Amino acid sequence: MLQIEAIENRIVEATARAGRTGFVTLVAVSKQQPDDVIDAALKQGLRVFGENRVQEAATRWQPRKQQYPHIKLHLIGGLQTNKVKQAVALFDMIETVDSEKLAAALAAEMKKQGRALPCLIQVNTGDEPQKNGVAVQDFPALLARCKALGLDIRGLMCIPPEGQPAQPHFTMLAKLAATHNLGVLSMGMSGDFETAIACGATHVRVGSALFGSRH
Ligand SMILES: *Cc1c(COP(=O)(O)O)cnc(C)c1O
């Protein structure tokens, strides 16, 4: 049983409660979901999906993108430079730019393939050593480098530390984006997307609340 309508309603209500007029995009996180769930979501009209692994995403989405040409696929997991070629060919937005090395590889590959994908920079707002994302203090330099490389950086993405209130992280990300004139904020997951919308999220990444627990 998919919860598409329920989640979409909660997004609309949270947007209204926040006194916001803009539209918040639901990125349906389809990782580790079975084929029948994905196909049901497509039948019910979902078109924006998030995946965290390049290979898994390619298996799932290459055939479906032929059938549904308007699908937008977001990469929301860490990207290694050896997967950049495949990622640029498959995805429509890269949400996880977090190093100069990756930025350079993406810029070169996009040029090669003639695909200028919009990108977000992932910020490690909790300064967690094991987590992807650029450290807050290194963010301005990375943004400058991305711009110099010609990457189309639209905004920021974060995953707050588990077991901590998410709101301070969302607020920090929103401030950072505003300071640097970046419009897109990808933040909020199943447990906290309404909080993220209150803090200014333009994109929420929802998996389990939409599709049920992962397999
Ligand atoms: C898995 C994942 C999500 C979705 O998580 P849920 O709690 O199932 O909504 C969102 N963002 C990222 C980066 C993820 O890896």
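Both counts, for ligands and for their atoms, begin at 1 and track the order of listing. All of these numbers come straight from a predicted model, not from anything done at the bench.
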> Using 30° and 60° as the class limits, which term best fits the ring planes of His203 and His74: parallel, tilted or perpendicular?
Replying inline: tilted
> Measuring from Phe91:CZ to Lys72:NZ, what's the distance to the nearest 0.5 Å?
Replying inline: 14.0 Å
>> Which protein residues come within less than 4.0 angstrom of ligand 1, counting heavy atoms only?
In response: Val29, Lys31, Ile76, Met157, Ile159, Met189, Ser190, Arg205, Val206, Gly207, Ser208, Arg214
>> Can you tell me how far apart CG (Leu117) and CG (Leu73) are? Round to the nearest 0.5 Å.
In response: 10.5 Å
>> Please enumerate all residues that pass side-chain contact (heavy atoms from CB on, under 4.5 Å) together with Val29, with sequence neighbours excluded.
In response: Lys31, Ile76, Arg205
>> My understanding is that only one of Leu173, Leu176, Leu120 makes a side chain to side chain contact (heavy atoms under 4.5 Å, CB included) with Cys158; could you say which?
In response: Leu173
> For Gln33, does its backbone N or O pair with a side-chain atom of Arg214 as donor and acceptor, under 3.5 Å?
Replying inline: no
